[in-house]
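Worksheet: one structure, shown below.
Note that these values count all heavy atoms, side chains included, but never hydrogens, waters or copies made by symmetry. We count ligands from 1, going down the list as the structure has it; atoms in each ligand are counted the same way.
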Amino acid sequence: METTKAHVLNCQFSSWYPKFKKLTPRARILKPIPPSVLNYLNQDGIFLGGSDDDENEDDGEIKDEDDENVQRARVSAEDLKLITDTIEELGGSVVPKLNWSTPKDALWIAPTNSLKCTNASDILLLLKASDFVAHDLDDPFDNCKDDVVGKLTENFSYELVLKEWFPIHTSHEYRCFVKGRKLVAVSQRDPNYYDFLEKEAPEHLELLIELSEKLHDFPDENFVFDAYIQKDRAFLIDINPYSLTTDGQLFSWSEINKLNTDDPVLRLVPK
Ligand code: ADP
C-alpha cells in the first residue's frame, strides 16, 4: 500500500469534485488559489489584519508596517472581493479548505469555534493558523514513495476550496474503506458513543454501500472516503488515499488490509 504522487493528486478536491458533484454538498474551487492569498499563507507568523478589507489601500502588494518596520503580505482587495462574492454565491456561510485539508485543527482561533466562515477574514485566520493547511502548502507529497520528479506535478497548482456550510451532526459521519473497488470497512468518525446509532447503523450501511457504488469512476481501486448521512441520503464529504497516512479510525490498517469480504464491516464506538 505504497502511496504515490498520483494517489495524492487524485484525492485533491479539484480532481474528484467535478466527477462527483451530484453526490457532495455545493462548493466552489478557486484554482489557482488567488495569488495574494498564497503569499499571505506562505509568510511566517499569524497577525491580525491579514486582509485589508478594513483599510482603503487596495494594491495588494507587500506593504510597510510603520509601527513594526516589517513587510507583510496582505490580501488584495480584488482577491478579497472574489472570496466575498463566492461566499455569497454559496448562501453566506462556507467551510474553507486547500487541495486536501480543512483547518479543523485551528478551531481555537475562530471566534465561533467552528469551521463556519461568513467572511474572508474568518477564512484567512483559520487557514493561517492550521498545521494541516501548512502541510498542504509545504510538503503534500512527503509520504510518497515514488520518485517521479516533475512530470506528475508539472501542472500542479494550489487551490482554495469553499464549501457551502451546513449543520453537521458528527454522530452521522463515517469513514469508508474501499479495496479493489469494494467497500470493505466503515468506521464511525465521532469518538463518542451514541445509543441511537446501533439501531440506525444497518440503514446507514446500505446508504454507504450505494454511495460507494457511485464512486466507480474514481481512478484508484483502493481509496478511503468520508461520508455524512442526512435523513435517507449519504453525502460524499472527502476522499483520501488508501494509505497509512489516512487514519484508520476504529480499524487498524492491518485489519483493513486483511478484510476480504462482500459484506462490509461497520464499526461503532462501543458503550
Ligand atoms: P479533511 O480532509 O481535512 O478531513 P473534510 O472535508 O473531511 O476535511 O472536513 C473535515 C470536517 O469538517 C468534516 O468531518 C465535517 O465535520 C466538517 N465539514 C466538512 N465539510 C463541511 C460542510 N460543508 N459544512 C459543515 N461542516 C463541514
Distance (rounded to the nearest 0.5 Å) between Leu115 CG and Asp122 CG: 11.0 Å
Side-chain donor-acceptor contact under 3.5 Å, Asp142 with His135: yes
Polar side chain donor-acceptor pair, Asn143 to Thr3, under 3.5 angstrom: no
Any donor-acceptor N/O pair, Lys104 side chain to Leu107 backbone, under 3.5 Å: no
Ring centers of Tyr242, Trp253 separated by less than 6.0 Å: yes
ILVMFWY clustering at 4.5 Å (side-chain atoms), partners of Leu250: Tyr193, Val269
Neighbouring protein residues of ligand 1 - any heavy atom closer than 4.0 Å: Val95, Lys97, Trp100, Ser101, Thr102, Lys104, Leu115, Lys163, Glu164, Trp165, Phe166, Ile168, Glu173, Arg189, Asp226, Ile237, Asp238
